[in-house]
Amino acid sequence: MRLLLAISAGLLSACAWTAGASAQTAGSEGLSPTLAAIKAAHVVRLGYRESSPPFSFLDQANRPIGYSLELCEAIVEEIGVEVDDPNLRIDYVKVTSDDRIDAVLANKIDLECGSTTANAERGKRVAFSPLMFVAGTKLMVPKASSIAGAADLKGKTVVVTKGTTNEQAMHAVDKKLSLGLNIVTAGDHEQSYQMLADGKADAFATDDILLYGLIVRHKAEAKFKVVGDYLSYDPYGIMFRKGEPQLSAVVERTFRKLGSNHDLVPLYNKWFIARLPTGERMNVPISLQLEEAFKAMDDSPSANN
């Protein structure tokens, strides 16, 4: 853990230098493509998910809300500082697990604010913010089900959401344990949940925090349970276009400011501990790993005391 923090601190110091350099040279050398387009349009386009509570979902008035969106809105404020436009407008653009990466690559959105795993494979195509959450693949099954883990899935039907790392994880588990799974896909997490609820699947595999969020959202604690060991490791980040160091520096700077102002843990508690705007309560305490990652973003003088 000490080595991890030391590495994180080194990376953050390097990012701090990059951020300072970009702020000084932006005026003379011009803005990066994304920032230049934002400045010209006075708009930042945020990609949101409809059914990934508490990260990105719709409130009772069908407005996008959530933990990831609030982090993105903080990034928008910092972009406003970078491009010297404090009155940037936000356009919310719906994305799905299947089209979110393409939306970034095709310049349909500037920041993807959902529940996206930042892994090495995706890192070849897109860039990610610092760590904002840690999850892993687990199984949701009916309360009366005898399924307690992956080994109990032999010959069963498992639904996954198309385009997720969970889909890859289940194919890997199927091959490793020779389970003979019938792996079916749905368009989003809500559709996957409904397939399980309708008896069309024996289990729904996705990140544990999303399963808990759906159970809470549907008030289905008496109907479903989350079981099994982690079948994958999924660190979450805000996604944006790769190859733009200035944009990356702005994103890093936002997280460092939130960390230094000690805003990250309260923001986490707002969405994972307190009652959500839609009335539900997640009651998921912050993990030690995420808490340590947030501490590593604290550049305030008190952080070294």
Side-chain angles (χ1 to χ4, degrees), residues 43-77 88-104 106 108-117 129 132-133 135 138 140 159-167 185-198 200-201 204-221 223-224 226 234 236-240 266-284:
V43 173
V44 183
R45 298 158 302 167
L46 302 185
Y48 74 92
R49 302 285 295 279
E50 286 189 324
S51 55
S52 292
F55 298 92
S56 182
F57 60 112
L58 299 176
D59 66 10
Q60 292 94 331
N62 284 326
R63 292 172 299 200
I65 59 171
Y67 172 67
S68 302
L69 282 163
E70 196 157 346
L71 285 170
C72 279
E73 287 158 6
I75 295 171
V76 171
E77 287 187 23
L88 292 173
R89 183 167 56 85
I90 293 176
D91 275 357
Y92 294 94
V93 181
K94 175 187 165 185
V95 296
T96 68
S97 58
D98 197 33
D99 68 15
R100 56 190 165 176
I101 295 177
D102 288 338
V104 172
K108 293 180 180 178
I109 58 174
D110 301 307
L111 301 169
E112 190 269 337
C113 319
S115 50
T116 298
T117 299
S129 72
M132 68 172 190
F133 194 81
K138 285 199 173 187
M140 182 196 294
V159 62
V160 293
T161 304
K162 188 177 181 182
T164 61
T165 54
N166 317 109
E167 182 177 1
T185 62
D188 61 29
H189 296 316
E190 183 63 29
Q191 292 175 15
S192 295
Y193 174 89
Q194 286 302 327
M195 284 193 68
L196 181 66
D198 293 342
K200 296 178 181 178
F204 170 22
T206 197
D207 293 348
D208 56 333
I209 187 63
L210 300 178
L211 295 175
Y212 290 126
L214 287 164
I215 288 174
V216 168
R217 191 80 190 273
H218 286 274
K219 298 179 173 59
E221 290 86 351
K223 295 181 180 178
F224 299 109
V226 178
D234 297 281
Y236 286 3
I238 302 297
M239 183 168 56
F240 54 97
L267 179 61
Y268 177 96
N269 291 338
K270 172 183 176 180
W271 292 100
F272 293 89
I273 301 297
R275 192 173 298 280
L276 297 175
T278 46
E280 307 89 359
R281 193 188 295 272
M282 294 288 298
N283 283 324
V284 178

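- In terms of heavy-atom proximity, T278 sits nearest to D59 at CG2-CA, 3.8 Å.
- Atom CG in L276 sits 9.0 Å away from atom CZ in R281 (nearest 0.5 Å).
- In this structure, D198 contributes its side chain and M195 its backbone to no donor-acceptor pair below 3.5 Å.
- Between the NZ atom in K94 and the CZ atom in R49 there is a gap of 10.5 Å [rounded to 0.5 Å].
- Considering OG of S129 and CD of E112, their distance stands at 10.0 Å, rounded to 0.5 Å.
- Under the 4.5 Å side-chain criterion, counting only non-hydrogen atoms from C-beta, Y48 is in contact with L69.
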Exercise. Take M140 and Y193 through the test side-chain contact (heavy atoms from CB on, under 4.5 Å) and record every step on the way to the result.
Key: CA-CA 9 Å; M140 182 196 294; Y193 174 89; 4.0 Å; yes
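- Interatomic distance, I209 CD1 to L214 CG, rounded to the nearest 0.5 Å: 10.5 Å.
- Rounding to the nearest 0.5 angstrom, the gap separating the CZ atom in F204 from the OG atom in S192 is 4.0 Å.
- Contact annotation: the side chain of K162 never approaches that of Q191 to less than 4.5 Å [non-hydrogen atoms, C-beta and beyond].
- The shortest distance between side-chain heavy atoms of H218 and K223 does not fall below 4.5 Å.
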Quiz prompt | Worked verdict on E70 versus L267 for side-chain contact (heavy atoms from CB on, under 4.5 Å) | solution = CA-CA 8 Å; E70 196 157 346; L267 179 61; 3.3 Å; yes
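- With 3.5 Å as the limit, one finds a donor-acceptor pair spanning the side chains of D234 and T165.
- Taking both residues in full, the closest heavy atoms of P54 and M282 are given as CD-CE, 3.9 Å, listed atom of the first, atom of the second, then distance.
- A 4.5 Å side-chain heavy-atom check between Y236 and F55 finds at least one atom pair inside the cut-off.
- Taking the side chain as every heavy atom from C-beta outward, E190 and E50 never approach each other to under 4.5 Å.
- For the residue pair H189/T161, the side-chain donor-acceptor check at 3.5 Å is satisfied.
- Annotation for A201 and L196: closest pair O-CD1, 3.4 Å, computed over non-hydrogen atoms.
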Quiz prompt | V76 vs L46, side-chain contact (heavy atoms from CB on, under 4.5 Å): CA-CA, chis, key distance, verdict | solution = CA-CA 9 Å; V76 171; L46 302 185; 4.0 Å; yes
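- Between R100 and T164, the shortest heavy-atom distance links the atoms NH2-CA, 3.9 Å.
- Checked for salt-bridge contact, R89 and D91 meet the test: a charged N lies under 4.0 Å from a carboxylate O.
- Inter-residue side-chain proximity for V284 and I273 is flagged as unmet; no heavy-atom pair is nearer than 4.5 Å.
- Under the 3.5 Å distance criterion, the side-chain polar atoms of D208 are left unmatched by any main-chain donor or acceptor of K138.
- Between C72 and I238 the shortest side-chain heavy-atom distance falls below 4.5 Å.
- The distance between the ring centers of F133 and Y67 does not fall below 6.0 angstrom.
- No side-chain heavy atom of M239 sits less than 4.5 Å from a side-chain heavy atom of L111.
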Quiz prompt | R217/F57 under side-chain contact (heavy atoms from CB on, under 4.5 Å): CA gap, chis, key distance, verdict | solution = CA-CA 10 Å; R217 191 80 190 273; F57 60 112; 3.3 Å; yes
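- If you check the side chains of N166 and T206, you find a donor sitting under 3.5 Å from an acceptor.
- Taking SG of C113 as the start and CD1 of I90 as the end, the distance is 8.5 Å to the nearest 0.5 Å.
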